[in-house]
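Reminder, nothing fancy here: chain letters follow the sequence lines and each chain counts from 1.
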Protein chains: 2
Amino acid sequence: MGHTRWLNEEEKRAWTAFTTAHALLYRHLEQRLKRDFGLSGLQYEILARLSGAPDRELRMAELACALVNSKSGLTYQIGQMEKAGLVRRRSCPSDERAVYAVLTDEGMALLERAAPGHVGLVRELLIDVLTPDQVRALADGLGEASRRMAAGPGEASPPVADGTTCSGPGPEVAAGLDA
Amino acid sequence: MGHTRWLNEEEKRAWTAFTTAHALLYRHLEQRLKRDFGLSGLQYEILARLSGAPDRELRMAELACALVNSKSGLTYQIGQMEKAGLVRRRSCPSDERAVYAVLTDEGMALLERAAPGHVGLVRELLIDVLTPDQVRALADGLGEASRRMAAGPGEASPPVADGTTCSGPGPEVAAGLDA
DNA sequence: GTTAGGTGATTCAAATTTGAACGCGCCATT
DNA sequence: AATGGCGCGTTCAAATTTGAATCACCTAAC
């Protein structure tokens, strides 16, 4: 391990396109969600994840892991959304430490109103711009990369900075209004 | 335009892989940069962009645009980095309003130390996980998506929330230590 | 039964980000 | 040479994020 293997032109294009596209797209999505529904991107994702979960509820840690967010950050956001009546906290009888975030009917209703426009924008700005081959490449290539990073980075170094290693059912986004 | 065209399974996989991979990857990169060099991801990108610019300097607005960041956010970060001696501000003689952010020798030196590990990680966690075809698909597909979003979103809606429309040379990452 | 080791979630202060408002200099019209 | 429209960078308060404690609780070994 001496001289670094720099990125060639195409790899560089891929890398900048990846980060730039993400930043640009996320900006659009957030803007739209905020303007039309007063939701942040993270809040939308929380609603979406919960909507696709059994009984529309998920434990804080699972949710944090699925969203690739810190636990404390999630605590904050769930607090905000609870104030807004979009979610509710429920403690687990079997494990007194655990807390479930539960999607309320109101939260579900809001998600149902927000989802069409959101998905529409994702489609318009990303999916429909890509060829079917490119869509498959994203799904396969980035899926594989995600899987490896979520598991264990070759040598060491924990991802979440909290003590969590993130295991469980993985990113198997269910059928609902997620995405 | 009535019923939403939802994402099919593969499109959904692509979309979640895209966001998840980005979040995971960015987390790794930030962690490493912070631990080894005390840099945030944004700060690294600022150094990289400046290093690849003519005379190692860029106007605040250009830089903000290239980074897909808000102007005020950049003002803050440049302030931090100036304190740390990594960049310097220079005012433009011909246009008194304009401010250039200039990479200092110290900033350049830090970038040169940080770049190998950073690029190495990008390669290990993303590039080398992908097939050459997938790399090309990212470059082409996401490049096209970025281009469209940077330009004008079909109908309306400004991206940067500031008054900026972001024009100029576009994301043509120069030869240096960027990426 | 108790204790050591973790895990799950929250708390807290500090750092950062956001977006609107501001001040100022450029420039095309009058 | 005045005037108004604008683009540029900064400022400011509020919202959010971060990461290191902290507290409570479960679990397995003593």
>> For A:Y76 and A:E30, find the nucleotide of DNA chain C closest to each by heavy atoms; which residue's nucleotide sits nearer the 5' end?
In response: A:Y76
Cationic N near anionic O, under 4.0 Å, [X] to [Y]:
X      : Y      : answer
A:R136 : A:D140 : no
B:E45  : B:R49  : no
A:R13  : A:E9   : no
B:R123 : A:E11  : yes

Rounded distance (Å) that lies between atom [atom2] of [N] and atom [atom1] of [X]:
X     : N      : atom1 : atom2 : result
B:K71 : D:dC8  : NZ    : P     : 7 Å
B:E62 : D:dG7  : CD    : P     : 16 Å
A:L74 : C:dG8  : CG    : C1'   : 12 Å
B:L39 : C:dA15 : CG    : P     : 16 Å
B:I78 : C:dT17 : CD1   : C1'   : 15 Å
A:Q43 : D:dA15 : CD    : P     : 13 Å
A:L63 : C:dT10 : CG    : C1'   : 15 Å
A:E45 : D:dT17 : CD    : P     : 11 Å

Given [N], is OP1 or OP2 found less than 4.0 Å from the side-chain N or O atoms of [X]?
X     : N      : answer
A:Q77 : D:dA15 : no
B:Q80 : C:dA15 : no
A:Q31 : C:dG19 : no

>> Wobble G-U and Watson-Crick pairs count when both distances are under 3.5 Å; given that, what is the 5' to 3' dot-bracket string of DNA chain C, with | for pairing to other strands?
In response: ||||||||||||||||||||||||||||||
>> Given C:dT11, D:dT18, C:dG19, identify the nucleotide with an atom nearest to the side chain of A:N69.
In response: D:dT18
> C:dT17, C:dA9, D:dG9: which one has an atom nearest the side-chain heavy atoms of A:A98?
Replying inline: C:dA9
Protein N or O to nucleotides 22-28 of chain C N or O, pairs below 3.5 Å:
unit_1 : atom_1 : unit_2 : atom_2 : d
C:dG25 : N2     : B:R97  : NH1    : 3.1
C:dC26 : OP1    : B:E96  : N      : 3.0

> In terms of the nearest nucleotide of DNA chain D, which residue is placed more toward the 5' end: B:M60 or A:K34?
Replying inline: B:M60
> Of A:L63, A:V87, A:I46, which meets side-chain contact (heavy atoms from CB on, under 4.5 Å) against A:L58?
Replying inline: A:L63
> Do B:S70 and C:dG19 share a donor-acceptor pair, side chain to base, under 3.5 Å?
Replying inline: no
>> Between the base of D:dG9 and the side chain of B:T75, is one N or O donor paired with an acceptor at under 3.5 angstrom?
In response: no
> Which heavy atom of B:L86 sits nearest a heavy atom of B:L103, and at what distance?
Replying inline: O-CD1, 3.7 Å
Kindly say whether [Y] contributes a backbone atom to a donor-acceptor pair with the side chain of [X] at under 3.5 angstrom?
X      : Y      : value
A:D55  : A:E57  : no
B:E10  : A:A139 : no
B:T104 : B:G85  : yes

> Do the ring planes of B:F18 and A:F18 sit parallel (below 30°), tilted (30 to 60°) or perpendicular (above 60°)?
Replying inline: perpendicular
